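None of the values given here were measured: they were computed from a predicted structure.
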Amino acid sequence: MRLLLMSDTHLPKRAKKLPEQLLEEIPRADVVVHAGDWVDTDALDLLESRSRRLLAVYGNNDGPALRTRLPEVARAELGGLRFGVIHETGPAQGREKRCAERFPDLDVLVFGHSHIPWDTTAPTGLRLLNPGSPTDRRRQPHCTYMTVTADDGRLSEVALHRLPPR
């Protein structure tokens, strides 16, 4: 099962549209995961219409229109793994311990908020993934997104993709 992970799209404030490279990945994915901060419902409508399956949450910059359509935390079993999605996880220091305590029933937690790509594993085995942002790199050298493969209870082919400058 191929997953496309993104977060913090901030449309249309940080960019007018999603990067073409990212849009081309959508039909290749069995599941598109978005970890919040859409800002506008148009981006949600777009991903809902183009994705085979969308697993998504709202973020701190998402208003009532998005919050009525999306949960704060989403969960799904994908490829034999228990996935969770949330926007904010708090400061980087202590993140693994904090998330493992909050989500003891998950194998993988996808999160956003910082716009900083992240891939670590808590001592409990919980894998933490932040795909960064495809539209707002902040202090990072590149805008990014991730792809992963989940099959038979294993996560493989975790890849961070850099997007060309706009």
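- Side-chain atoms of Arg14 and Thr135 form no donor-acceptor pair, as typed in the model, at a separation below 3.5 Å.
- Both Leu3 and Val110 belong to a single network of hydrophobic side chains, linked directly or stepwise wherever heavy atoms of I, L, V, M, F, W or Y lie under 4.5 Å apart.
- In the hydrophobic cluster analysis, where Ile, Leu, Val, Met, Phe, Trp and Tyr join through side-chain heavy atoms closer than 4.5 angstrom, Met146 is grouped together with Leu78.
- Hydrophobic clustering (ILVMFWY, side-chain heavy atoms < 4.5 Å, transitive): Leu160 and Phe83 are in one cluster.
- In this view, Arg52 and Asp30 satisfy the side chain to side chain donor-acceptor pair (under 3.5 Å) rule, not counting sequence neighbours.
- The nearest pair of heavy atoms linking Pro27 to Glu24 is CD-O, 3.4 Å.
- In this structure the side chain of His87 never reaches within 4.5 angstrom of the side chain of Phe111, judged on heavy atoms.
- Here the side chains of Ile116 and Arg139 are in contact, with some heavy-atom distance below 4.5 Å.
- Here the side chains of Glu48 and Arg69 are in contact, with some heavy-atom distance below 4.5 Å.
- Considering all non-hydrogen atoms of both residues, Ser7 and Pro131 come closest at N-CG, 3.8 Å.
- Residues Tyr145 and Val33 fall into different hydrophobic clusters, defined by Ile, Leu, Val, Met, Phe, Trp and Tyr side chains chained together at heavy-atom separations under 4.5 Å.
- To the nearest 0.5 Å, atom OH of residue Tyr58 and atom NE2 of residue His34 are 15.0 Å apart.
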Residue pair Leu23, Lys17: steps toward the side chain to side chain contact (heavy atoms under 4.5 Å, CB included) verdict
CA-CA 10 Å; Leu23 291 171; Lys17 61 180 191 164; 5.7 Å; no
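- Below 30°, between 30° and 60°, or above 60°: for His10 and His115 the angle between ring planes is between 30° and 60°, a tilted geometry.
- Of the residues Leu70, Asn61, Leu11, the one that meets the side chain to side chain contact (heavy atoms under 4.5 Å, CB included) test with Trp38 is Leu70.
- Put simply, the side chain of Val32 reaches to within 4.5 Å of the side chain of Met6, judged on heavy atoms.
- You'll find the side chain of Thr9 reaches within 4.5 Å of the side chain of Leu18, heavy atoms only.
- Between Leu4 and Leu22, the closest side-chain pair of non-hydrogen atoms falls below 4.5 Å.
- Side-chain contact between Thr89 and Trp118: absent, with no pair of heavy atoms (C-beta onward) separated by less than 4.5 Å.
- In terms of heavy-atom proximity, Pro19 sits nearest to Leu163 at CG-CD1, 3.8 Å.
- With sequence neighbours excluded, the residues that form a side chain to side chain donor-acceptor pair (under 3.5 Å) with Arg75 are Asp105.
- Listed here is the closest heavy atom pair of Asp136 and Cys143: N-SG, 3.7 Å.
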Full working for side chain to side chain contact (heavy atoms under 4.5 Å, CB included) between Arg137 and Arg162:
CA-CA 10 Å; Arg137 64 184 181 87; Arg162 295 176 176 175; over 6 Å; no
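- The shortest distance between side-chain heavy atoms of Asp119 and Arg127 falls below 4.5 Å.
- In this structure, Leu109 CG and Leu129 CG are separated by 8.5 Å, a value rounded to the nearest 0.5 Å.
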